[in-house]
Amino acid sequence: MELIKHPSPNYGLRRKNTEIEFIILHYTAMSTEKSLKRLCDPVHEVSCHYVIDPSGICYQLVDDRKRAWHAGKSYWRGYHDLNSRSLGVELVNSGNEKYPEAQMKSLIRLLKHLIESYKLCPKNILGHSDIAPSRKLDPGKWFDWKKLSIGGVALFPEVSAPMECDKQIFLTQAKRAGFNPNTKFEHILKTFRNRCRPSFTGEFDGYDCALMKKFADAFDIDDSSNSQ
Ligand SMILES: [Zn+2]
């Protein structure tokens, strides 16, 4: 796919014995011009591998093999240094608006290419809020995970019936999926709702529990098949 090179000096080496396993999705919360400037400014010490603007233009800032600085303090399935194990993709979006069709198409094309290149599992395409639920909201409730799932490049759990509504069950399943077990219930519920039930605003319920179980099951099923 067509990439515009826009090199950033903000990167380092991946930690020893790590490989690219995850892709972390973000929104920039600023314009394309400001995003590119900031992600290439040595003063700010932030970067990512790819930036996709609302029209679908994709910029490459950091070589895939290098460690870009986008995840910050984060956790997923026992890993703390997600920067060493991931590629970061920034989407130009304020966080309060729909992601345009052209941008989503370009993202899906990029993800397909990266999943194929590095033999990644679609379940390992995560949002910044999944790996840092107590401090990050991106890619936020306007991001269409279902569209990604239909494109075969992410998980989007769906259930037809609720389970018992129980906070402890919800948290146990969240931990099984990969969320940091030290995260507050409210933060996990918020990030998970943004991902799976973005328009739902009701009280915590049995559908939240059923969806989290379905989400966690997807990780366990794949893991057991890998070990066979
Ligand atoms: Zn982010």
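Since the structure is predicted, the reported quantities are computational estimates derived from the model, not experimental observations.
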| query | What's the verdict on salt bridge (charged side-chain N to carboxylate O under 4.0 Å, His left out) for R65 and D63, showing C-alpha distance, side-chain angles and the deciding distance? | reply | CA-CA 5 Å; R65 288 164 296 183; D63 188 285; 3.0 Å; yes
| task | Tell me, with the steps shown, if T28 and S35 meet side-chain hydrogen bond (donor to acceptor under 3.5 Å, both in side chains). | result | CA-CA 6 Å; T28 59; S35 304; 3.2 Å; yes
| query | Are L36 and L61 close enough, and set up right, to give a side chain to side chain contact (heavy atoms under 4.5 Å, CB included), and what steps lead you there? | reply | CA-CA 9 Å; L36 289 171; L61 279 66; 4.0 Å; yes
| From CA spacing to verdict: side chain to side chain contact (heavy atoms under 4.5 Å, CB included), S106, M1 | CA-CA 9 Å; S106 180; M1 68 180 285; 4.0 Å; yes
| message | Could you walk me through whether L87 and V62 satisfy the side chain to side chain contact (heavy atoms under 4.5 Å, CB included) test, starting with their C-alpha distance in whole Å, then the side-chain angles of each, then the deciding distance to 0.1 Å, before giving a yes or no? | response | CA-CA 9 Å; L87 295 167; V62 173; over 6 Å; no
| task | Let me see the working for R85 and E19 under side chain to side chain contact (heavy atoms under 4.5 Å, CB included), right down to the final yes or no. | result | CA-CA 5 Å; R85 297 181 181 272; E19 54 187 301; 5.5 Å; no
| task | Report the C-alpha distance between S86 and H70 in whole Å, list the side-chain angles of each, state the deciding distance to 0.1 Å, and finish with yes or no for side-chain hydrogen bond (donor to acceptor under 3.5 Å, both in side chains). | result | CA-CA 9 Å; S86 69; H70 56 96; 3.3 Å; yes
| query | K5 and Q60: side-chain hydrogen bond (donor to acceptor under 3.5 Å, both in side chains), yes or no, with the steps? | reply | CA-CA 5 Å; K5 300 272 184 200; Q60 181 167 27; 3.1 Å; yes
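Put simply, SG on C165 and CG on D208 are 7.5 Å apart, with the number rounded to the nearest 0.5 Å. Distance check, rounded to the nearest 0.5 Å: NZ of K214 to CE of M163 gives 12.5 Å. The structure places CD1 of I131 at 13.5 Å from OH of Y79, a figure rounded to the nearest 0.5 Å. Note that the CH2 atom of W142 and the CD atom of E97 stand 9.5 Å from one another [nearest 0.5 Å]. The structure places OG of S8 at 13.0 Å from NZ of K66, a figure rounded to the nearest 0.5 Å. Between the CG atom of L82 and the OG1 atom of T18 there is a distance of 11.0 Å, given to the nearest 0.5 Å.
Counting heavy atoms from C-beta on, the side chains of I57 and Q103 never come closer than 4.5 Å. The closest side-chain heavy-atom distance from L39 to V51 is below 4.5 Å. Counting heavy atoms from C-beta on, the side chains of F143 and N194 never come closer than 4.5 Å. Side-chain contact between I125 and L111 is present, with at least one heavy-atom pair separated by less than 4.5 Å. Between L155 and W145, every side-chain heavy-atom pair lies at or beyond the 4.5 Å cut-off. Side-chain contact check for R67 versus L13: every heavy-atom pair is 4.5 Å or farther apart. Proximity of R197 to Y207: side-chain heavy atoms (C-beta onward) are separated by under 4.5 Å at one or more points. Within the 4.5 Å cutoff, side-chain heavy atoms of T32 are placed close to those of P54.
Nearest heavy atom pair, residue F192 against residue P157, reads CZ-CG, 4.4 Å. Here the closest non-hydrogen pair linking A71 and N83 is N-OD1, 2.9 Å. A pairwise comparison of heavy atoms in C58 and Y50 identifies SG-CD2, 4.0 Å as the closest pair. Minimum heavy-atom separation, V46 to N10: O-ND2, 2.9 Å. Scanning both residues, H113 and S117, for their nearest heavy atoms gives O-OG, 2.7 Å. Minimum heavy-atom separation, H49 to A68: CE1-CB, 3.4 Å.
Taking hydrophobic clusters as Ile, Leu, Val, Met, Phe, Trp and Tyr residues chained together by side-chain heavy-atom distances below 4.5 Å, Y75 does not share a cluster with L171. In the hydrophobic clustering of ILVMFWY residues, with side-chain heavy atoms under 4.5 Å counting as a link, I4 and V92 come out together. In the hydrophobic cluster analysis, where Ile, Leu, Val, Met, Phe, Trp and Tyr join through side-chain heavy atoms closer than 4.5 angstrom, L137 is grouped apart from I24. Both L91 and L3 are members of a single hydrophobic cluster when ILVMFWY side chains are connected at heavy-atom separations under 4.5 Å. By the rule that hydrophobic residues join a cluster once side-chain heavy atoms approach within less than 4.5 Å of another member, L126 and L25 end up as members of separate clusters.
Annotation: R15, atom CZ; neighbour count of heavy atoms from other residues, nucleotides and ligands within 6.0 Å does not exceed 12. More than 12 heavy atoms of other residues, nucleotides or ligands lie within 6.0 Å of OH in Y99, so this atom counts as buried by the packing criterion.
A cation-pi contact, defined as under 6.0 Å to the ring centre and within 45° of the axis, links K167 to F185.
Remark: R14 does not engage D64 in a salt bridge, criterion side-chain N to carboxylate O under 4.0 Å. Look at K136 and D130 and you find no salt bridge, because none of the NZ, NE, NH1 or NH2 atoms lies under 4.0 Å from a carboxylate O. With salt bridges taken as basic N to acidic carboxylate O contacts below 4.0 Å, none links D41 and K37. Using a cut-off of 4.0 Å between Lys/Arg side-chain N and Asp/Glu carboxylate O, E90 and R38 are scored as not salt-bridged.
Checking side-chain atoms of H26 against main-chain N and O of P139 turns up no donor-acceptor pair under 3.5 Å. Side chain of S47 to backbone of W69: a donor-acceptor contact under 3.5 angstrom is found. When atom types are taken as modelled, the side chain of T191 and the backbone of I188 share no donor-acceptor pair closer than 3.5 angstrom. With hydrogens and angles ignored, the 3.5 Å screen pairs no side-chain donor or acceptor of D138 with any backbone N or O of G140. Of the possible polar contacts, one joining the R77 side chain to the R176 backbone as a donor-acceptor pair under 3.5 Å is found.
Note: F170 and F204 meet the aromatic proximity criterion, with ring centroids under 6.0 Å apart. A distance below 6.0 Å separates the ring centres of W76 and F179.
Under the 30°/60° scheme for interplanar angles, the aromatic rings of H6 and Y59 are found to stand perpendicular.
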